[in-house]
Undergrad: 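Please read through the structure below; I'll follow up with questions.
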Amino acid sequence: MSKALPKRSEDYSLWYNELVKRAGLAENSGVRGCMVIKPYGFAIWEKMQRVLDDMFKKTGHSNAYFPLFIPKSMFEAEEKNAEGFAKECAVVTHYRLQTDPENAGKLRVDPEAKLEEELVVRPTSEAIIWSTYKGWIQSYRDLPLLINQWANVVRWEMRTRLFLRTAEFLWQEGHTAHATAEEAVAETVQMLNVYADFAENFLALPVVKGVKTPNERFAGALDTYCIEGLMQDGKALQAGTSHFLGQNFAQAFDVKFTNKEGKQEYVWGTSWGVSTRLMGALVMAHSDDEGLVLPPKLAPIQVVFVPIFRKDEELAQISETVGKLKEKLEAKGISVKYDDRDTERPGFKFAEWELKGVPVRVAIGPRDLENGTAEVARRDTKEKQSMQLEGLENTIENLLNDIQENIYNKALQFRQENTVKVDSYEDFKRVLDEKPGFVLAHWDGTPETEERIKEETKATIRCIALDTPEENGVDMVTGKPSSRRVYFARAY
RNA sequence: CGGGGUGUAGCGUAGCCCGGUAUCGCGCCACAUUUGGGAUGUGGAGGUCGUAGGUUCGAAUCCUGCCACCCCGACCA
């Protein structure tokens, strides 16, 4: 294995795969399309979970857990949704194995143990959840019902990539029921805003909030809202979705409530989710040719100390100083790692912690102890600076905030530089090939035009941004009138 | 799921065309010297050649099935 990572500029895809593996985030498993999330990667996911979970709780949601298996008849109840996922469902047909009489030491599926009704492994949980809600909701007093679950789901993808698209992935799915359409829409938008807040303030990833076109909408939803981020290679990545389900699932599962006037009505629903795909977004948004660059707010280790020493006595002295600093930092809620391994040399450690994206590295050697200083290096800019040990915990705390802000600003600047308005189809194609990113163009609002553009350029409408101003124009392909620009991009 | 490619020690690989029991580098273990940006030397350990069959006196090598991974398409968070 060569020491250096592949370069982003030479092979972005290879760089991504290698980085995910070498930084210890995840690896491929012996199961097609399924990955093993390794401890360091899972630690980041756990931080994401904690932050998001708090946000869900603050907005009034409770966690629950629903089954992995969904009877086929239940799954197919909401037709559009079922059709949308049909092609990628794993299905359980048997419940027992037996020793194979023709093949010693091997097992085979017991042909006698066929299930009367096949079980679909959830690709999403609307069906099982709405069939349950039917029993939970009778009156307007039971509403709103605000539930979230953290779970794994399975979508039998043909082509998979670590974190970005795997056959099994982890996510959260919120499922809410409301008395009115207005309230459900408000919930949908509220959760979109929660996701955007998370993306920008924790992932340090600026996102465009918008609505999907009917083509890109979640099967079974009336409206799909999304946040879209731009990766360093100019491709867009959908980082979260929030759906207004209307009464589709309520009707399919007969979920009604009695309103204040004593009349029966179907409830209004929403669902919203983010997945381990966010890990891919995190990697692709900020990292460089030396490795991960983690935003301090999600880094499992925020500060790493590396001692520089020759003799045991030196190490002992340094350890004493580091120990005190570590306590002060931890008192501030900062996570610290002291890498006092004597089996690796400092240069090796520097490279390793850079690969793992630790935001701040502090090197302390005998010279520093004499001078009362430490060498502080920040991962995002690679700047190194000698700083006073006195009060270093405050300096580092500020530095972490600076880094969080800086990588957000860097990503924002990148997005601004790679978001362009075009008015002709020629320009559109040229921009996609020469300087890929978000392309703002007029669209006539028809699925046909959208489809044609997708076929010809591989670019899709990522969303109709919520904050796009009205602007009269004409569709770049058909010349038909358009009242606003939409976001196009090639996407993950 | 269609087309192409790959699978040899923990990782990366040579060998395969043309069959004779596996090469090199990194890593690992021990010791010594080292330690402010991925150390050096010496010695050592480690392999069902993805897997199951077949052909053959003999298979990493030839043939077939299966599994996994990568690239390109179709599909998708």
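In what follows, chains are A, B, ... by sequence order, proteins preceding strands, each numbered from 1.
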Undergrad: Quick check: on RNA chain B, is the nucleotide nearest Leu162(A) upstream (toward 5') of the one nearest Thr241(A), or the reverse? Name the residue that is more 5'.
TA: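 Its nearest nucleotide lies further toward 5', so the answer is Leu162(A).
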Undergrad: Phosphate oxygens OP1/OP2 of rC71(B): is one of them under 4.0 Å from a side-chain N or O of Ser13(A)?
TA: yes
Undergrad: Between rG15(B) and rG50(B), how far apart are the two P atoms, rounded to whole Å?
TA: 15 Å
Undergrad: Taking pairing as Watson-Crick or G-U wobble with both contacts under 3.5 Å, can you name the mate of rA22(B), or confirm there isn't one?
TA: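 Looking at the geometry, rA22(B) pairs with no nucleotide.
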Undergrad: Do Phe253(A) and Met74(A) make a side-chain contact, defined as non-hydrogen atoms from C-beta onward lying under 4.5 Å apart?
TA: yes
Undergrad: Pick base, sugar-phosphate or nothing for Phe169(A), based on heavy-atom distances below 4.0 Å to the nucleic acid.
TA: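 Counting heavy atoms under 4.0 Å across all strands, the contact made by Phe169(A) includes a base.
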Undergrad: When the distance from CZ of Arg159(A) to P of rG73(B) is rounded to whole Å, what number comes out?
TA: 6 Å
Undergrad: Are any of the side-chain nitrogens in Arg361(A) or Glu354(A) under 4.0 Å away from the carboxylate oxygens of its partner?
TA: yes
Undergrad: Say we look at rG2(B) and rU21(B): how far apart would their C1' atoms be, to the nearest angstrom?
TA: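 rG2(B) and rU21(B) have their C1' atoms separated by 39 Å.
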Undergrad: Please state the C1' separation for the pair rC31(B) and rC71(B) - nearest whole angstrom.
TA: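 The same atom, C1', in both gives a distance of 47 Å.
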Undergrad: Give me the distance, rounded to whole Å, that separates rC28(B) from rC66(B) when you measure between the C1' atoms they each carry.
TA: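 These two C1' atoms come out 34 Å apart once rounded.
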Undergrad: Using whole Å, what does the distance between atom P of nucleotide rC69(B) and atom NZ of Lys21(A) come to?
TA: 10 Å
Undergrad: Output yes when Glu228(A) and Lys212(A) qualify as a salt bridge under the 4.0 Å nitrogen-oxygen rule, no when they do not.
TA: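 Between Lys212(A) and Glu228(A) there is a salt bridge, with a charged N closer than 4.0 Å to a carboxylate O.
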Undergrad: Identify the nucleotide, in any strand shown, that forms a Watson-Crick or G-U wobble pair with rC1(B), with both distances under 3.5 Å; if there is none, say none.
TA: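 Answer to the pairing question: rG73(B), which forms a Watson-Crick or G-U pair with rC1(B).
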Undergrad: State the pairing partner of rC66(B); accept Watson-Crick or G-U wobble contacts with both distances under 3.5 Å, and report none otherwise.
TA: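 Pairing partner, where one exists within any strand: rG50(B).
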Undergrad: Are any of the side-chain nitrogens in Arg490(A) or Asp433(A) under 4.0 Å away from the carboxylate oxygens of its partner?
TA: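 Yes, Arg490(A) and Asp433(A) are salt-bridged.
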Undergrad: So does Arg379(A) pair up with Asp288(A), basic N to acidic O under 4.0 Å?
TA: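 A salt bridge is present here (some side-chain N lies under 4.0 Å from a carboxylate O).
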Undergrad: Whole angstroms only, please: what is the OH-P distance between Tyr492(A) and rC75(B)?
TA: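 Rounding to the nearest Å, OH of Tyr492(A) and P of rC75(B) are 19 Å apart.
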Undergrad: Taking atom C1' in both rG20(B) and rC49(B), what distance in whole Å separates the two?
TA: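 That atom pair is separated by 16 Å.
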Undergrad: Just checking Val306(A): base, sugar-phosphate only, or nothing, at a heavy-atom cut-off of under 4.0 Å?
TA: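 Since no nucleic acid heavy atom lies under 4.0 Å of Val306(A), the category is nothing.
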Undergrad: For Asp312(A), does the CG atom have more than 12 heavy-atom neighbours from other residues, nucleotides or ligands under 6.0 Å away?
TA: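 Open: at most 12 neighbouring heavy atoms sit under 6.0 Å from CG of Asp312(A).
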Undergrad: May I ask you to say what Leu164(A) touches in the nucleic acid, namely base, sugar-phosphate or nothing, with a heavy-atom cut-off under 4.0 Å?
TA: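 Touches a base.
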Undergrad: Heavy atoms under 4.0 Å, any strand shown: does Glu157(A) hit a base, just sugar-phosphate, or nothing?
TA: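 Result for Glu157(A) = base.
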Undergrad: Does the side chain of Val358(A) reach to within under 4.5 Å of the side chain of Lys337(A), using non-hydrogen atoms?
TA: no
Undergrad: For rA14(B) versus rU23(B), give the span between their C1' atoms, rounded off to a whole number of Å.
TA: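 Rounded to whole Å, the distance is 5 Å.
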Undergrad: Who is the Watson-Crick or G-U wobble partner of rA32(B), with both distances under 3.5 Å?
TA: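 Partner of rA32(B): rU40(B).
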Undergrad: Report yes if a side-chain nitrogen or oxygen of Lys458(A) is closer than 4.0 Å to either non-bridging phosphate oxygen (OP1 or OP2) of rC72(B); otherwise report no.
TA: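 Indeed not, no polar side-chain atom of Lys458(A) lies that close.
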Undergrad: What does nucleotides 35-45 of chain B look like as a protein-contact string, B for base, S for sugar-phosphate only, - for none, at under 4.0 angstrom between heavy atoms?
TA: BBBBB------
Undergrad: What I want to find out is whether Lys454(A) reaches Glu450(A) closely enough, with some N-O distance under 4.0 Å, to be called a salt bridge.
TA: no
Undergrad: When we call it a touch if two heavy atoms are under 4.0 Å apart, what does Arg32(A) touch: a base, just sugar-phosphate, or nothing?
TA: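 Answer is sugar-phosphate: Arg32(A) comes under 4.0 Å of backbone atoms only.
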Undergrad: CE of Met35(A) versus C1' of rC69(B): gap in Å, rounded?
TA: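 The answer, rounded to whole Å, is 15 Å.
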Undergrad: So with a 6.0 Å cut-off around CZ of Arg108(A), is the heavy-atom count from everything else above 12?
TA: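 Enclosed: over 12 neighbouring heavy atoms sit under 6.0 Å from CZ of Arg108(A).
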Undergrad: Taking atom C1' in both rG7(B) and rA60(B), what distance in whole Å separates the two?
TA: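 Going atom to atom, C1' in each nucleotide, I get 11 Å.
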Undergrad: rC75(B) C1' sits how many Å from Phe85(A) CZ, rounded?
TA: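 My rounded result for the distance is 13 Å.
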Undergrad: Can you check the distance between rC63(B) and rG5(B), where both ends of the measurement are the P atom (answer in whole Å)?
TA: 13 Å
Undergrad: Take atom CE of Met158(A) and atom P of rC72(B), then tell me their distance rounded to the nearest Å.
TA: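 Atom-to-atom, Met158(A) to rC72(B), this comes out as 17 Å.
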Undergrad: What is the base-pairing partner of rG58(B), counting Watson-Crick and G-U wobble geometry with both distances under 3.5 Å?
TA: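 None - no nucleotide pairs with rG58(B), as no candidate has both distances under 3.5 Å.
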Undergrad: For Trp15(A) and rC70(B), what is the distance between atoms CH2 and P respectively, to the nearest whole Å?
TA: 17 Å
Undergrad: Heavy atoms under 4.0 Å, any strand shown: does Gly280(A) hit a base, just sugar-phosphate, or nothing?
TA: nothing
Undergrad: Starting from C1' on rA68(B), measure out to CH2 on Trp156(A) and report it in whole angstrom.
TA: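 Taking atom C1' of rA68(B) as the reference, CH2 of Trp156(A) is at 13 Å.
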Undergrad: Please classify the nucleic acid contact of Thr124(A) as base, sugar-phosphate, or nothing, using heavy-atom distances under 4.0 Å.
TA: nothing
Undergrad: Can you tell me the base-pairing partner of rU13(B)? Count Watson-Crick or G-U wobble geometry only, both distances below 3.5 Å, and say none if there is no partner.
TA: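 Paired with rU13(B), as far as the under-3.5 Å criterion goes, is no nucleotide at all.
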Undergrad: Quick check, are the ring centers of Trp45(A) and Phe163(A) under 6.0 angstrom apart?
TA: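 So the answer is no for these two rings.
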